[in-house]
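Heads up, the thing below is written out as structure tokens.
In each ligand, atom 1 is the first atom listed, and ligand 1 is the first ligand listed. Owing to the predicted nature of the structure, the values given are computational and were not obtained by experimental measurement.
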Amino acid sequence: MSDKGSIVIDLKFERRQIDAALANAFKGHTVLRADDAGADLAEARYAVLWKPDLDLFRRAPKLEILFSGGAGVDGILAVPGLPDLPIVRFVDESLTVRMSEWVVLQALTHLRQVPTYLKQQREHLWNELAQPEAKDLTVGVMGLGVLGQDSVRKLKIMGFDVIGWSRSKKEIDGVETFDAQGLDAFLAKTDILVGLLPLTDDTRGIFNAVLFGKLRQGGALAKPVFINAGRGGSQVEGDLVVALETGILGGASLDVFEREPLGAESPLWDMDNVVITPHAASASDVSALFRTVEAQIARYEAGEPLAHVVDRVTGY
Ligand code: NDP
Ligand code: OXD
């Protein structure tokens with residue numbers, strides 16, 4: 001019998017990935033698997049979850065803390081009848097670094113016109129394009145949390161002019177920042193828009209025709225570019241397609257979609273100026289996830305406060 005609390009795992013990673021990570025995690029805890037229909041979860045105290053269904057909470061009525069398998073918690077908060085328990089987000093250097101790599105890669109992809117060069121390559125066309133520099137472009141980052149702030153730092157290292165927008169105003173050295181009220185002023189300066197927002201009632205559908213129409217036209221890339229790795233529910237894909245077709249937007253890099261996987265019929269797949277990745281900007285490293293959960297449980301059991309607890313009112 002274990003003398004530490006038992007933990008139920010309900011994650012969408014491949015089983016072998018979870019098994020490999022469990023080999024070095026949760027010593028002294030009993031670990032149960034939600035996908036094991038016969039598992040008795042009645043005494044489980046902690047859950048590590050991604051998109052649970054309500055049945056989990058019926059099977060595990062004694063849970064004390066829900067640990068999210070990712071930084072975003074919209075998949076957990078969407079469960080109807082979710083018990084009122086603390087939800088802890090996944091925050092870890094591995095996740096942050098991966099996201100910044102993706103964001104910088106996409107910003108550089110559009111700066112250096114990679115989609116056009118790839119098209120020319122397919123057409124066997126030797127044609128050199130104009131080369132604006134990073135400093136000629138303003139990248140506007142929406143969402144200045146853990147991920148947004150790291151991306152800001154790394155975009156600046158690459159030489160971009162960077163500005164940021166968040167609900168509450170932030171002070172970041174060398175970066176002009178805007179609060180919720182400053183959205184229009186922020187958009188009017190932005191050549192490359194980066195979305196790193198959580199999905200909440202306030203951010204659902206925020207990337208729409210009206211917003212795209214407020215981005216700066218006539219910058220060094222001529223037309224603004226939209227990059228989104230926050231959540232697909234924040235973008236109105238119909239509006240996005242029209243903005244790309246009509247030249248309101250010059251290009252996009254999308255990791256997240258209204259519906260995932262993105263349907264084969266989506267016109268986004270075939271647009272030359274659109275880069276698509278399958279919600280892969282920054283995957284959670286399972287071993288790192290379990291390490292952070294283990295550390296948080298140790299803190300909780302020692303009577304210390306948990307870190308990165310979600311505010312159920314704001315939804316992130
Ligand atoms: P944080 O909670 O640290 O930061 C969220 C940021 O968004 C904060 O700056 C917050 O403002 C801002 N924000 C939230 N709501 C609003 C609003 N209504 N108006 C303006 N700003 C708002 O989250 P992380 O940085 O850790 O993660 C961000 C999101 O990235 C996750 O929620 C998830 O959806 C997504 N993600 C995607 C991944 C992928 O692979 N595609 C991987 C990991 C995460 P304030 O600072 O004022 O609170
Ligand atoms: C996350 C994600 O939220 O992978 O961590 O989307």
Q) Considering Ser282, Ala283, Gly75, which one's heavy-atom position lies nearest to atom 40 (O) of ligand 1? A) Ser282

Q) Under 4.0 Å between a Lys/Arg side-chain N and an Asp/Glu carboxylate O for Glu43 and Lys62? A) yes

Q: May I ask you to identify the nearest protein heavy atom to atom 15 (N) of ligand 1, giving residue, atom name and distance to one decimal place in Å?
A: Tyr316 CE2, 3.6 Å

**Q.** Pairing of Asp19 and Arg16 as salt bridge, 4.0 angstrom limit
**A.** no

Q. What is the nearest protein non-hydrogen atom to atom 5 (C) of ligand 1, stated with its residue, atom name and distance?
A. Pro198 CD, 3.7 Å

Q: Using a strict cut-off of 4.0 Å, indicate which atoms of ligand 1 neighbour a heavy atom of Ala229.
A: 35 (C), 36 (N), 37 (C), 38 (C), 39 (C), 41 (N)

Q.
Show the atoms of ligand 1 that are less than 4.0 angstrom away from any heavy atom in Leu196.
A. 28 (C)

Q: Measure from the ring center of Phe207 to the ring center of Phe212 and say whether it is less than 6.0 Å.
A: no

Q. In terms of side-chain geometry, is the basic nitrogen of Arg259 or Glu237 positioned less than 4.0 Å from the acidic oxygen of its partner?
A. no

Q: Could you establish whether Thr203 and ligand 1 come within less than 4.0 Å of each other, counting only heavy atoms on the residue side?
A: yes

Q: Determine whether the side chain, the backbone, both or neither of Val73 has a heavy atom under 4.0 Å from any heavy atom of ligand 1.
A: neither

Q: Using distance alone, decide if ligand 2 has a nitrogen or oxygen within less than 3.5 Å of any nitrogen or oxygen in Arg231.
A: yes

Q: May I ask whether Gly69 has any heavy atom positioned less than 4.0 angstrom from an atom of ligand 2?
A: no

Q | For atom 26 (O) of ligand 1, the protein heavy atom that lies nearest, with its residue and separation | A | Arg89 NH1, 2.9 Å

Q: Considering only non-hydrogen protein atoms, determine which one is nearest to atom 44 (C) of ligand 1 and report residue, atom name and distance to 0.1 Å.
A: Leu147 CD1, 3.4 Å

(Q) Tell me if the centroids of the rings in Phe26 and Phe290 come within less than 6.0 Å of each other. (A) yes

Q: Please determine if Asp179 and Arg167 form a salt bridge, counting it only when a charged side-chain N lies under 4.0 Å from a carboxylate O.
A: no

Q. How does Ala283 reach ligand 2, if at all, at less than 4.0 Å between non-hydrogen atoms: by side chain, backbone, both, or neither?
A. neither

Q. For Thr200, is at least one N or O under 3.5 Å away from an N or O on ligand 1?
A. no

**Q.** Top protein contact for atom 9 (O) of ligand 1, by heavy-atom distance
**A.** Leu144 N, 2.9 Å

Q.
Students should be able to answer this: which protein heavy-atom is nearest to atom 4 (O) of ligand 1, and at what distance?
A. Gly145 CA, 3.1 Å

Q | Within-cut-off N or O pair, Gly72 and ligand 2, under 3.5 Å | A | yes

Q.
Distance under 4.0 Å to a non-hydrogen atom of Asp202: what atoms of ligand 1 satisfy this?
A. 18 (N)

Q.
Below 4.0 Å from ligand 1: does a non-hydrogen atom of Lys170 turn up there or not?
A. yes

Q) Does ligand 1 have any atom sitting under 4.0 Å from a heavy atom of Gln149? A) no

Q | Arg45 bridged to Glu301 by N-O distance under 4.0 Å | A | yes

(Q) Need the ligand 1 atom indices (1-based, order shown) with element for anything under 4.0 Å from a heavy-atom of Arg231. (A) 33 (C), 34 (O), 35 (C), 36 (N), 37 (C)

Q. When you measure from atom 19 (N) of ligand 1 to every protein heavy atom, which one gives the shortest distance, and what is it?
A. Trp165 CH2, 3.2 Å

Q: If you have a sec, work out which protein heavy atom is nearest atom 16 (C) of ligand 1 and how many Å separate them, to one decimal?
A: Arg167 CD, 3.8 Å

Q) Any N or O on Ala71 sitting closer than 3.5 Å to an N or O of ligand 2? A) yes

Q.
If we only consider heavy atoms of Gly230, is any one of them less than 4.0 Å away from an atom in ligand 1?
A. yes

Q) Which atoms of ligand 1 sit under 4.0 Å from any heavy atom of His279? A) 39 (C), 40 (O), 41 (N)

Q) Looking at His279, which atoms of ligand 2 are within less than 4.0 Å of one of its heavy atoms? A) 2 (C), 4 (O), 6 (O)

Q | Per-atom contacts, ligand 2 versus Ser282 - under 4.0 Å to a heavy atom | A | 4 (O)

(Q) Could you tell me, atom by atom, which parts of ligand 1 come under 4.0 Å of a heavy atom of Gly72? (A) 31 (C), 32 (O), 33 (C)

Q) Does the distance from a Lys or Arg side-chain N to an Asp or Glu carboxylate O, for Arg122 and Asp272, drop under 4.0 Å? A) yes

Q) Thinking salt bridges, do Asp35 and Lys12 make one under a 4.0 Å N-O criterion? A) no

Q) Taking atom CD of Glu93 as the centre, does the number of heavy atoms from other residues, nucleotides or ligands within less than 6.0 Å exceed 12? A) no

